[in-house]
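To start, the structure under review is shown below, and the notes come after it.
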Amino acid sequence: MSNEHPNIPTPHITAKYGDFAETVLMPGDPLRAKFIAETFFEDPVLVNNVRGVNGYTGTYRGKRVSVMASGMGQPSIGIYSYELFRFYGVENIIRVGSCGSFDPDLHARDIILAQGACTNGNYADQYRLPGTFCPIADFGLLRRAAELCDKAGVHYKVGNIFSSDMFYDDANSGMEWAKMGVLGVEMESAALYCNAARTGKKALCICTVSDSFLYPEENTTAEERQNSFTAMMKIALELA
Ligand code: HPA
């Protein structure tokens with residue numbers, strides 16, 4: 001018998017082809033993936049749990065949609081998003097993450113729509129391009145996300161984000177990126193956007209500000225993050 005999908009299961013995902021919907025929401029945290037599936041999906045089905053990275057498929061307002069965690073950092077989201085795009089027929093990945101912000105107009109619980117992702121990582125080196133690649137969001141997803149944010153009345157900004165390979169950064173380089181108008185820092189978007197570009201698929205990163213470098217007194221607790229992320233999740237689900 002010929003195997004139509006020779007790369008499935010992958011080393012990191014044991015789901016069958018077709019188990020994932022066209023659009024996958026991707027938080028960093030596996031428990032947040034579980035929360036999204038259990039809170040918002042009708043009839044969620046667990047389709048992956050390798051390494052505790054739970055993936056679920058269900059429906060949201062009649063639309064089939066999946067959610068699976070990315071883990072932390074570009075190597076981790078690089079693996080999961082590549083396998084979903086390349087081997088599982090996934091068309092859209094919407095990262096729903098948290099970020100730090102160094103923009104004076106952004107406070108804890110505001111939203112950043114990452115139009116572009118700067119990075120200190122070397123993920124794009126693999127493409128051997130004769131210059132610097134600019135990882136960017138899919139414009140259609142970005143435009144619709146902005147419209148949904150307007151409709152929901154949430155405070156958001158669209159612009160560059162900094163995908164750092166270091167959470168504990170001895171050089172505290174975030175503020176250097178801030179002088180170029182970069183809005184905030186997280187650790188995944190650049191690799192996700194590279195994989196979308198390389199596979200001809202679509203991606204968007206939506207981040208809720210969990211901590212501000214300028215207003216540290218506003219930083220959210222784990223419990224507050226859970227609640228304030230609900231607005232972002234609903235926007236991502238409407239987008240799916
Ligand atoms: N740095 C990197 N990633 C993050 C941060 C941060 O300060 N906050 C949330 N994700």
Side-chain angles (χ1 to χ4, degrees), residues 25-36 53 67-81 93-124 135-137 145 149 154-195 203-233 235-236:
L25 267 55
M26 191 165 265
D29 178 355
L31 288 179
R32 197 162 297 135
K34 186 167 187 275
F35 174 85
I36 292 172
V53 175
V67 61
M68 190 171 81
S70 68
M72 289 184 282
Q74 299 195 70
S76 188
I77 199 168
I79 289 169
Y80 292 111
S81 61
I93 295 181
I94 303 168
R95 166 165 152 70
V96 282
S98 64
C99 67
S101 169
F102 13 75
D103 185 276
D105 295 335
L106 287 170
H107 295 263
R109 302 182 188 78
D110 288 345
I111 283 178
I112 294 176
L113 302 179
Q115 183 178 21
C118 308
T119 187
N120 55 8
N122 63 359
Y123 196 82
I136 56 170
C149 285
V154 299
H155 187 242
Y156 71 100
K157 282 186 98 166
V158 178
N160 255 324
I161 208 156
F162 170 43
S163 297
S164 177
D165 274 358
M166 276 81 69
F167 186 89
Y168 300 104
D169 181 358
D170 209 52
N172 193 21
S173 53
M175 297 315 288
E176 301 295 322
W177 291 92
K179 76 187 179 197
M180 296 300 286
V182 175
L183 301 172
V185 56
E186 48 82 82
M187 303 185 74
E188 291 83 17
S189 296
L192 172 62
Y193 288 178
C194 282
N195 279 347
L204 174 68
C205 170
I206 308 175
C207 278
T208 300
V209 174
S210 58
D211 47 289
S212 164
F213 286 71
L214 303 181
Y215 316 115
E217 70 282 0
E218 297 177 353
N219 293 352
T220 52
T221 63
E223 195 183 342
E224 286 167 337
R225 276 203 290 281
Q226 190 69 68
N227 296 330
S228 58
F229 286 168
T230 301
M232 170 176 67
M233 289 166 190
I235 287 162

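Numbering of ligands and ligand atoms starts at 1, following listing order. Positions are given from 1, in the same order as the sequence printed here. Just so it is clear, the structure is predicted and the values come from calculations on it, not from any experiment.
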Which atoms of ligand 1 sit under 4.0 Å from any heavy atom of [X]?
| X | value |
| --- | --- |
| S210 | 8 (N), 9 (C) |
| E186 | 3 (N) |
| M187 | 2 (C), 3 (N) |
| F213 | 7 (O) |

Handout entry: Enclosure of I136 CD1 (heavy-atom neighbours >12, cutoff 6.0 Å)
Key = no
Tell me, which protein residue and heavy-atom name are nearest [atom], and how many Å apart are they?
| atom | result |
| --- | --- |
| atom 2 (C) of ligand 1 | F167 CD1, 3.6 Å |
| atom 5 (C) of ligand 1 | G100 N, 3.6 Å |
| atom 8 (N) of ligand 1 | D211 OD1, 3.0 Å |
| atom 10 (N) of ligand 1 | S98 O, 3.5 Å |
| atom 4 (C) of ligand 1 | V185 O, 3.6 Å |

Practice task
Would you mind telling me which of T208, I36, V67, I94 makes a side-chain contact (heavy atoms from CB on, under 4.5 Å) with M233?
Solution key: I36
Is a donor on one side and an acceptor on the other found under 3.5 Å between the side chain of [X] and the backbone of [Y]?
| X | Y | result |
| --- | --- | --- |
| Y80 | M26 | no |
| S101 | G184 | no |
| S189 | S163 | no |

Handout entry: ligand 1 contact by C99, heavy-atom criterion under 4.0 angstrom
Key = yes
Exercise for the section: Ignoring hydrogens and angles, state whether a donor on the side chain of Y123 or D165 is under 3.5 Å from an acceptor on the partner side chain. Expected result: no
Practice task
Would you please test Q74 and T119 for side chain to side chain donor-acceptor pair (under 3.5 Å) and show each step?
Solution key: CA-CA 10 Å; Q74 299 195 70; T119 187; 2.8 Å; yes
